[in-house]
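Working notes, structure below.
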Protein chains: 2
Amino acid sequence: MTTIHDVARHAGVSVATVSRVLNNSGTVRTDTRARVLAVIDQLDYHPSAMGQSLRLNRTRIVMVVVPEVTNPFVGEVVYSMELAARSRGYSILLHEYHGDQLTDLQLQQYVSTRRIDGLIFLTAEAREKQFQQLAQQLPTILACEYVDHWDIPSVSIDNIAATLDVMRYLMGLGHTRILLISGSAGNVSARDRLRGYRIAHEQAGLPVCEELLQEAEPTPAAAYATLTGAVERGLDFTAVFCASDVLAIGALRALQDKGLAVPRDVSVVGFDDIMFAPFLNPALTTVHQPAREIGERAIAMWLCAAEGKAQDYPVTVRHELRIRDSCAVARR
Amino acid sequence: MTTIHDVARHAGVSVATVSRVLNNSGTVRTDTRARVLAVIDQLDYHPSAMGQSLRLNRTRIVMVVVPEVTNPFVGEVVYSMELAARSRGYSILLHEYHGDQLTDLQLQQYVSTRRIDGLIFLTAEAREKQFQQLAQQLPTILACEYVDHWDIPSVSIDNIAATLDVMRYLMGLGHTRILLISGSAGNVSARDRLRGYRIAHEQAGLPVCEELLQEAEPTPAAAYATLTGAVERGLDFTAVFCASDVLAIGALRALQDKGLAVPRDVSVVGFDDIMFAPFLNPALTTVHQPAREIGERAIAMWLCAAEGKAQDYPVTVRHELRIRDSCAVARR
DNA sequence: CTGTTAGCGCTTTCAG
DNA sequence: CTGAAAGCGCTAACAG
């Protein structure tokens with residue numbers, strides 16, 4: 001392993017000088033610099049990240065805390081974060097989070113041992129307290145969600161407005177009994193989508209029927225089970241609004257298996273617009289979230305926060321209801 | 001920031017002693033240990049990861065190189081790797097790889113600057129040379145793929161056997177003109193699936209019709225375009241075998257949009273068995289890969305390699321053809 | 001059983 | 001413009 005000392009010795013200069021040419025800091029005579037550069041090249045020298053980290057007290061690693069990489073929407077956001085971070089010399093440490101205490105502890109460990117320079121949360125989850133505590137210790141950004149009473153930089157769509165778009169669209173088609181399948185309640189997005197659901201009913205002067213509010217684990221299988229159960233119980237509804245496309249895929253199938261045609265008998269709307277949405281059968285009407293943009297903005301905002309610069313937040317990016325083939329006029 | 005020196009001072013011992021109790025190394029008198037532990041607790045001391053890294057020359061970070069986190073199958077593998085790694089005190093640094101020179105360079109940088117302890121490749125891609133070079137420098141595992149002429153620990157299903165299963169199933173249903181949509185050619189899995197395709201034809205005494213061999217980017221949209229084009233050109237086939245479920249989703253839709261019913265007119269088979277496969281319409285017949293198991297085994301194997309222990313490889317895990325509703329007897 | 005000490009590889013102040 | 005030296009936080013060899 002060749003170190004800065006080897007380079008210094010071979011070039012006949014001190015390590016300080018090598019460091020200067022490495023970092024373009026201080027002043028180095030042109031010919032000295034050339035000599036050092038030549039040796040660096042010849043020895044194929046690369047400065048040790050650990051040495052630098054210890055000295056500078058930063059790792060150039062930011063941890064991305066996600067609820068489920070397996071969800072293509074999350075994957076897309078993480079993907080763009082990785083590219084954006086890398087292009088700025090940072091790396092992404094991936095961390096799955098499912099709201100358990102052990103993970104809380106592990107997260108705090110990462111922070112305490114200074115293994116990471118900062119955090120980006122893709123989920124604010126139920127454990128807001130824990131997250132707030134972490135956010136106090138390191139630069140932190142919230143992506144995909146927004147929490148009113150928490151003063152932290154965030155980038156997301158307006159989840160409530162998006163839900164209202166969906167609800168108004170559905171109500172415009174004559175639907176009044178809309179089944180909501182949301183993710184677990186701790187999730188802010190789920191909360192916002194529920195909130196939007198209620199507001200829409202209020203605005204339309206319609207009562208919210210609590211039995212139409214269903215929760216499911218974030219898998220198609222769970223949504224399938226939930227919806228199958230609802231149909232079997234004879235629950236009365238003409239449309240289903242799923243808090244994510246992942247859920248919608250299970251919902252679509254459950255309805256079809258129960259002999260209900262989509263959209264003829266029941267309309268279905270998803271959320272996220274994952275890459276599969278337009279190719280489902282029927283093509284899924286859903287809320288498009290600019291995943292790539294969210295990822296890139298989150299990284300940019302994190303960098304900004306890490307440099308201690310002031311910035312405006314929350315940042316709200318544009319969503320869009322993509323109308324495809326899974327909704328029709330209510331027949332009842 | 002509290003350091004080991006603070007702890008030592010407060011406990012009235014030397015840093016060596018603190019280090020000993022921290023690492024359970026050497027011998028420490030019970031009461032001394034208790035005193036040190038108390039101070040650690042009181043000061044809420046956590047050893048600096050950077051200090052340890054520099055000293056021990058390891059980061060406890062392993063880089064996972066993936067072709068596309070956005071693919072749910074890949075997501076699932078990465079997910080299980082993250083959990084498995086974490087439970088052993090390691091973290092996952094995510095790195096998207098698309099076969100470009102810049103990324104090759106960045107990967108080498110990570111290795112040269114000793115930012116990571118090792119590598120796990122989810123793709124062997126075209127750039128085998130580059131990967132082999134990296135593998136020489138750090139403990140490396142290949143997951144999901146197997147390369148005959150490359151002596152490296154790997155864990156994967158038997159891609160050729162799996163393809164043969166698919167082909168025999170399809171041929172058993174009377175299909176002789178089977179369209180193959182594979183990912184980009186550099187990909188080993190794609191190569192194996194193509195190889196299996198050819199072997200099956202040979203065994204059946206059927207000629208391989210080159211025009212039935214199609215390539216597509218790994219997105220449903222690309223598969224959709226490819227297949228739509230094939231149908232429009234009047235290409236004659238009764239079944240489509242997709243090298244991944246992601247492709248199959250696009251294929252399914254393309255056929256339906258062209259007025260071809262699946263499976264009545266055309267049969268479709270996917271690969272991977274992502275969580276959406278059973279919920280598609282029709283439910284997709286596909287090859288199940290044990291994603292979780294692959295991820296866990298890969299981490300275990302990496303650890304083994306990192307400790308310099310000998311191990312048997314390649315490890316072949318079980319695949320399974322999951323027959324669902326997207327295939328039927330050929331009508332021509 | 002415990003302390004002293006020498007680094008791991010790097011950056012940066014301070015002198016010159 | 002350059003070098004000497006201190007020190008980031010830690011572990012481990014060595015001495016006692």
Side-chain angles (χ1 to χ4, degrees), chain A residues 1-40 43-61 89 109-117 137, chain B residues 1-40 43-61 89 109-117 137:
Chain A
M1 236 234 71
T2 122
T3 76
I4 198 171
H5 286 97
D6 302 323
V7 177
R9 192 155 24 82
H10 281 258
V13 297
S14 74
V15 294
T17 301
V18 179
S19 177
R20 286 190 192 100
V21 346
L22 240 30
N23 304 295
N24 283 311
S25 64
T27 49
V28 183
R29 233 172 51 209
T30 320
D31 57 331
T32 324
R33 149 171 320 247
R35 197 153 30 109
V36 171
L37 250 19
V39 173
I40 286 177
L43 262 43
D44 192 30
Y45 164 73
H46 295 270
S48 149
M50 301 178 211
Q52 286 181 317
S53 285
L54 179 59
R55 180 61 225 238
L56 268 16
N57 196 32
R58 57 158 180 56
T59 57
R60 290 194 157 270
I61 293 177
Q109 285 279 337
Y110 271 97
V111 174
S112 297
T113 58
R114 224 114 344 93
R115 214 175 277 277
I116 53 177
D117 287 352
Q137 307 173 63
Chain B
M1 235 234 73
T2 122
T3 77
I4 198 171
H5 286 98
D6 302 322
V7 177
R9 192 155 24 82
H10 281 258
V13 297
S14 75
V15 295
T17 301
V18 179
S19 178
R20 285 190 193 100
V21 345
L22 240 31
N23 303 297
N24 283 312
S25 64
T27 49
V28 182
R29 234 175 45 212
T30 320
D31 58 330
T32 325
R33 150 173 317 254
R35 195 154 30 105
V36 171
L37 249 18
V39 173
I40 286 176
L43 264 42
D44 192 31
Y45 164 72
H46 295 269
S48 149
M50 301 176 209
Q52 286 182 316
S53 286
L54 179 59
R55 181 59 226 241
L56 301 172
N57 196 32
R58 59 159 177 55
T59 57
R60 291 194 155 270
I61 292 176
Q109 285 279 337
Y110 271 96
V111 175
S112 297
T113 58
R114 227 116 342 94
R115 213 174 280 275
I116 53 177
D117 287 352
Q137 307 173 62

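Here is the naming used below: chain letters follow the sequence lines, and residue numbers restart at 1 for every chain. FYI, side chains are in, hydrogens and waters are out, and symmetry mates aren't considered; it's all heavy atoms of this structure.
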Whole-Å distance between D:dC10 C1' and B:Leu56 CG? 8 Å

Looking at DNA chain D, which of residues 45-53 of chain B put a heavy atom within less than 4.0 Å of it? B:Tyr45, B:Pro47, B:Ser48, B:Gly51, B:Gln52

Value in whole Å for how far the C1' atom of C:dG9 lies from CG of A:Leu43: 15 Å

Return the value, rounded to whole Å, for the distance between atom CG of A:Asn57 and atom C1' of D:dG7. 13 Å

Applying side-chain contact (heavy atoms from CB on, under 4.5 Å), name anything that partners B:Arg35, two or more places apart in sequence or on another chain. B:Val13, B:Thr32

Just checking, any donor-acceptor pair under 3.5 angstrom between side chains of B:Ser53 and B:Asn57? no

Can you find a pair of side-chain heavy atoms, one from B:Val15 and one from B:Ser19, that are under 4.5 Å apart? no

Between the protein and nucleotides 2-5 of chain D, are there any N/O to N/O pairs under 3.5 Å, and if so, what are the atom names and distances?
unit_1, atom_1, unit_2, atom_2, d
D:dT2, OP1, A:Thr32, OG1, 2.4
D:dT2, OP2, A:Arg29, N, 2.6
D:dG3, OP2, A:Ser14, N, 2.9
D:dG3, OP2, A:Ser14, OG, 3.3
D:dG3, OP2, A:Thr17, OG1, 2.7
D:dG3, N7, A:Arg20, NH2, 3.4
D:dG3, O6, A:Arg20, NH2, 2.4

Student check: side-chain heavy atoms of B:Met50 and A:Met50 closer than 4.5 Å: no

Nucleotide nearest B:Ile4 (side chain, heavy atoms from C-beta), chosen from C:dC10, D:dG9, D:dC10: D:dC10

Could I get the full list of side-chain hydrogen bond (donor to acceptor under 3.5 Å, both in side chains) partners for A:Tyr45, not counting sequence neighbours? none

Interatomic distance where CG belongs to A:Leu22 and P belongs to C:dG9 [whole Å]: 15 Å

Among all residues two or more places apart in sequence or in another chain, which pass the side-chain contact (heavy atoms from CB on, under 4.5 Å) test with B:Ser14? B:Ala16, B:Thr17

Rounded to the nearest Å, what distance is computed from the CZ atom of residue B:Arg60 to the C1' atom of nucleotide D:dC10? 15 Å

Hits for side-chain hydrogen bond (donor to acceptor under 3.5 Å, both in side chains) against A:His10, two or more places apart or cross-chain, chain-then-number order -> none

Between OG1 on residue B:Thr59 and OH on residue B:Tyr110, distance to nearest 0.5 Å: 11.5 Å

Pairwise distance OG1(A:Thr3) to CZ(A:Arg9) - rounded to 0.5 angstrom: 7.5 Å

Measure from CG on B:Leu54 to P on D:dC10 and round the result to the nearest Å. 12 Å

Atom-to-atom span, CZ of A:Arg58 to P of D:dG9 - whole angstrom: 15 Å

From CE of A:Met1 across to P of C:dG7 the rounded distance in Å is 17 Å

